[in-house]
Amino acid sequence: MKIMKKKKSGRYSVRNVEKRKKNRREVISYEDVPLEEYNDERTQISKPAVKRIFICLALIIVLGLVVFLISNSDSLTPDRISNWLKYDVFGSHDNGYPVQIIGTSINDGNFLCDGDISYVSDTSFESLSSTGNEIGYNQHSFAKPVMCTAGDNVLIYNLGGNGFVTGTKKQLGSTKDTEKYIITADINSRGYYAVVTEADGYLSKLFVYNNDKEKVYTYSFAEYYITSVALNDAGTGCVVCGVTGDNGSLLGAAYVLDFTSEEPVATYPLDENIIYGVEYLNSSTVCMVGNSSAYMLNIGASKLSQVEYQQMELTAFDIDSDTDSLVLSLSRSGDGRKCSIEYVNRDGEVLAVNDTDCEISSISLYKNRIAALDNTTCYLFDTAGNELGDADAGIGAKAIRLENTANAYVLGINEIRKISEFNYYKDEE
């Protein structure tokens, strides 16, 4: 029994406790064994049994570790382990790259660089500064998100669903719903946006809104299923591209629309071509990239210039409106390897060709520099076709985006990395 002591005599003094102890009868446990003897009884475990227990526990821990390593093998890269030690274990907070992705997956087209890095994962939209600091963050509930940006303006839509949202890199607005499923959409630098949906009685329908979210134009397409749209910067017109069936083949077409006119200003046939991307280079020139050809459309001169792929396979492309140019990666072997890099101006002229042995999965154009991603290596070229250098892109690299002529961002499986220095083959002149 524990004896409580106080400095002053009283109820719990040592003297009173001793008196009560003399008169106390022996307390018996439920088994008629004195508590003193009961408490002294302890179960003795043999040393061999203890050894077997430790061995079993060690086996359980090892098996659990093996299962964890197998199930997370894709994530346990040297870079990921280094970042975990740096940021999670040692608590570093330098807000630099690499930056962990919020979500589990990002498509190549949802990883954009427009001064800042913006991306949409399967769960979230995030915008990051050049130093890796968060500019804006929003969650979404879209099953197949697709992102468009222009300056500070952002539009994200649910491909094949009914929802879309607009806003800025700092803050998105509330989600809006369309009556029919969304096919494609676009936004310009003034905040005007266009949404193309399916339609009853038609193949597609275009809706255009101004920056006050007021509807300013609609057009229904009866002959072509629209696959891509681009708004001009003024918000006065757009170009839409679509496909239609013809005896088992898909024929493409481009519409030029003026929002002051009920009918298209012009329509251009694009042969057997599905347009993947369309973008205004300037107020009168539009670049269109398809599966079998690319085009430069001069709206003012009503001139359409075609860049044929010569039976090569398109593996990647990038459009640069700052230099009114286009870069294409075309596989000569037809299986994504041995890619030729072609640099095209706004008149549709191929100014330079570089035949490489690379398997290019992503390409980026910035002024007079071209970055091409080949597995874990990023190669740097100039627009004259010269190979300048390379850099390590890291394991699991999926996409490359040039920030300027010297730096690039890499989209990995679980993180965004930054290339701050290339290994130049010789000093630049």
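For this chain, numbers begin at 1 and follow the sequence in order.
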> Do the side chains of V286 and I299 get nearer than 4.5 Å, heavy atoms only?
Replying inline: yes
> Would you say the side chains of T383 and N368 form a donor-acceptor pair under 3.5 Å?
Replying inline: no
> Do N188 and N153 have side-chain atoms, one donor and one acceptor, less than 3.5 Å apart?
Replying inline: no
>> Could you check whether any side-chain heavy atom of L63 comes within less than 4.5 Å of a side-chain heavy atom of I61, counting everything from C-beta outward?
In response: no
>> Do L314 and L328 have side chains that approach each other closer than 4.5 Å (heavy atoms only, starting at C-beta)?
In response: yes
>> Quick check against the 3.5 Å criterion: does R417 have a side-chain atom that pairs as donor or acceptor with the backbone of A393?
In response: yes
>> Using modelled atom types and a 3.5 Å cut-off, is there a donor and acceptor pairing between side-chain atoms of Y309 and backbone atoms of S331?
In response: no
>> Nearest 0.5 Å, please: how far is CG in L172 from CD1 in I156?
In response: 5.0 Å
>> One pair to check against salt bridge (charged side-chain N to carboxylate O under 4.0 Å, His left out): D116 and K170. What are the steps and the verdict?
In response: CA-CA 11 Å; D116 305 309; K170 290 184 178 180; over 6 Å; no
>> Test your reading of the model: is there a side-chain donor-acceptor pair from N354 to the backbone of G385, 3.5 Å cut-off?
In response: yes
> Just checking, is any N or O donor in the side chain of S118 or D114 under 3.5 Å from an acceptor N or O on the other one?
Replying inline: no
> Just how far is it from atom OG1 of T175 to atom CG of N138, taken to the nearest 0.5 Å?
Replying inline: 9.0 Å
> How about Y209 and E214: do any of their side-chain heavy atoms sit closer than 4.5 Å?
Replying inline: no
> Ring centres of Y255 and Y268 under 6.0 Å apart?
Replying inline: no
> Heavy atoms, side chains only, cut-off 4.5 Å: are D357 and K338 in contact?
Replying inline: yes
>> Quiz question: by atom type and distance under 3.5 Å, do the side chains of S333 and D335 form a donor-acceptor pair?
In response: yes
> Salt-bridged, E403 to K418, with N to O below 4.0 Å?
Replying inline: yes
> Does a donor on one side chain and an acceptor on the other come within less than 3.5 Å for N282 and T285?
Replying inline: yes
> Roughly how far, to the nearest 0.5 Å, is CG of L326 from CG of D320?
Replying inline: 10.0 Å
> Side chains of Y425 and D390: donor-acceptor distance under 3.5 Å anywhere?
Replying inline: yes
>> Any donor-acceptor pair under 3.5 Å linking the side-chain atoms of S249 with those of D246?
In response: no
>> Any heavy-atom pair between the side chains of K176 and V165 that's under 4.5 Å?
In response: no
> With no hydrogens and no angle check, do the side chains of N273 and Y295 hold a donor and an acceptor under 3.5 Å apart?
Replying inline: yes
> How far does CD of E179 sit from CZ of F207, to the nearest 0.5 angstrom?
Replying inline: 7.0 Å
> For the residue pair Y217 and F259, is the inter-centroid distance of their aromatic rings smaller than 6.0 Å?
Replying inline: yes
>> For the residue pair D122 / T104, report whether a side-chain donor-acceptor contact shorter than 3.5 Å exists.
In response: yes
> Side chains of Y379 and E387: do they bring a donor and an acceptor to under 3.5 Å?
Replying inline: no
>> I'd like to know if the side chain of N345 and the backbone of E349 have a donor-acceptor N/O pair within less than 3.5 Å.
In response: yes
> Looking at CG of L231 and OH of Y193, how far apart are the two atoms once the value is rounded to the nearest 0.5 Å?
Replying inline: 11.0 Å
> How about T315 and S329: does a side-chain donor come under 3.5 Å of a side-chain acceptor?
Replying inline: yes
>> Taking the side chain as everything from C-beta on, heavy atoms only, tell me whether I419 gets closer than 4.5 Å to V410.
In response: yes
> Can you tell me how far CD1 of I187 sits from CG of L155, rounded to the nearest 0.5 angstrom?
Replying inline: 5.0 Å
> Side-chain contact, heavy-atom cut-off 4.5 Å: Q139 with T123?
Replying inline: no
